Amino acid sequence: IKNYSRRPRGCTSLLTMGLLLYLKGNETLNFKALSLVIEDRRKIIVWGGLFGLFLITESIMTSVFIRHDQINLAFFSFSQITQAFFTSAGTATSEELLYRGFLLPRFMLAWRSEIRANTFVSLLFSIAHLGMGVFILKLTGIELIAYIWSMFVLGFTDGFIYQRTRSVVAPMISHMLWNFSNGFFIS
């Protein structure tokens, strides 16, 4: 049985803290250095929200048709929803700051190719989630492949959103919606 509350978050948080220390020593430490800017709120909400809905659909289809999960009725209690919301928001924030706020713009600049940079960062994102799939969720075979593919789709979609908005806030919104939707299936 999978437990949403025991899902480890330390690795990404440590990487994000290391990233902030790097920026403090090597670059100007401000919100713009991590693409944490909101210039066009409407554009950010539309991109983050609409692609978040796309990712929720992908998550539900993967959970139901590939992993054959059932909806977790315990999720619908106030405490579970609150816990899932804050866990989803915290995870989305730290992961998006690292992958789309820090890594993606630097690879885009170095390689001068949005597609190559996004593909590479999405692969890194998928690999970083491999441990969760194998050791925490205990996935094997087609379930593990579907999970890693889902991580790649999430990463690539969030990278695409970042490239269109030039703000990490929009991918944070879509990532949080995707994480939150997974709470329906994790007991």
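Here the structure is a predicted model, which is why all the values come from computation and not from measurement.
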Original post:
Is the closest side-chain heavy-atom distance between Phe180 and Thr87 below 4.5 Å?
Top reply: no
**OP:** Could you grab the distance from atom CG of Asn179 to atom CG of Leu154, nearest 0.5 Å is fine?
**Re:** 7.0 Å
**OP:** Tell me whether Phe107 is reachable from Ile115 by hopping between hydrophobic residues (I, L, V, M, F, W, Y) whose side-chain heavy atoms are closer than 4.5 Å.
**Re:** no
Original post:
How close do Ser122 and Gly155 get, heavy atom to heavy atom, and via which atoms?
Top reply: OG-C, 3.2 Å
**OP:** Determine, stepwise, if the pair Leu130 / Leu144 fulfils side chain to side chain contact (heavy atoms under 4.5 Å, CB included).
**Re:** CA-CA 8 Å; Leu130 188 59; Leu144 182 60; 4.2 Å; yes
Subject >> Shortest non-hydrogen contact from Pro105 toward Arg100 >> reply: CD-O, 3.1 Å
Subject >> Candidate list Ile173, Ile161, Thr91, Val168, test side chain to side chain contact (heavy atoms under 4.5 Å, CB included), partner Glu96, passing option >> reply: Val168
Original post:
Same cluster or not: are Ile145 and Leu137 linked, directly or through other Ile, Leu, Val, Met, Phe, Trp or Tyr residues, by side-chain heavy atoms under 4.5 angstrom apart?
Top reply: no
Subject >> Electrostatic pair Glu143:Lys138 at N-O distance under 4.0 angstrom >> reply: no
**OP:** Answer yes or no: are there more than 12 heavy-atom neighbours, outside Trp111 itself, under 6.0 Å from its atom CH2?
**Re:** yes
**OP:** Show your working on ring pair (Phe, Tyr, Trp, His ring centres under 6.0 Å) between His175 and Tyr99 and close with a plain yes or no.
**Re:** CA-CA 12 Å; His175 192 149; Tyr99 292 99; 8.8 Å; no
Subject >> Test log, rule side chain to side chain contact (heavy atoms under 4.5 Å, CB included), inputs Phe152 and Thr119 >> reply: CA-CA 8 Å; Phe152 181 83; Thr119 301; 4.3 Å; yes
Original post:
If every non-hydrogen atom of Tyr147 is compared with every non-hydrogen atom of Leu139, which pair is closest and at what distance?
Top reply: CB-CD1, 3.5 Å
Subject >> Same cluster (ILVMFWY, side-chain, under 4.5 Å), Ile127 and Leu103 >> reply: no
**OP:** State, to 0.1 Å, how close Ser167 and Pro171 come at their nearest heavy-atom pair, and which atoms those are.
**Re:** O-CD, 3.2 Å
Original post:
Are Phe86 and Met176 grouped together when hydrophobic residues (ILVMFWY) are joined by side-chain heavy atoms under 4.5 angstrom apart?
Top reply: yes
Original post:
Is there a donor-acceptor pair under 3.5 Å between the side chain of Arg166 and the backbone N or O of Gln163?
Top reply: yes
**OP:** With rounding to the nearest 0.5 Å, note down the distance linking CG in Asn118 to CG in Leu123.
**Re:** 9.5 Å
Subject >> Reported NE2-to-CD distance for the pair His129 and Glu95, which is rounded to 0.5 angstrom >> reply: 3.5 Å
**OP:** Would you please test Arg116 and Phe120 for side chain to side chain contact (heavy atoms under 4.5 Å, CB included) and show each step?
**Re:** CA-CA 6 Å; Arg116 271 185 36 200; Phe120 181 71; over 6 Å; no
Original post:
Does the side chain to side chain contact (heavy atoms under 4.5 Å, CB included) test come out yes or no for Met108 and Tyr162, once each step is laid out?
Top reply: CA-CA 11 Å; Met108 284 170 38; Tyr162 168 80; 4.3 Å; yes
**OP:** Using the rule that two of Ile, Leu, Val, Met, Phe, Trp, Tyr join whenever any of their side-chain heavy atoms come within less than 4.5 Å, decide whether Phe125 and Phe135 are in one cluster.
**Re:** yes
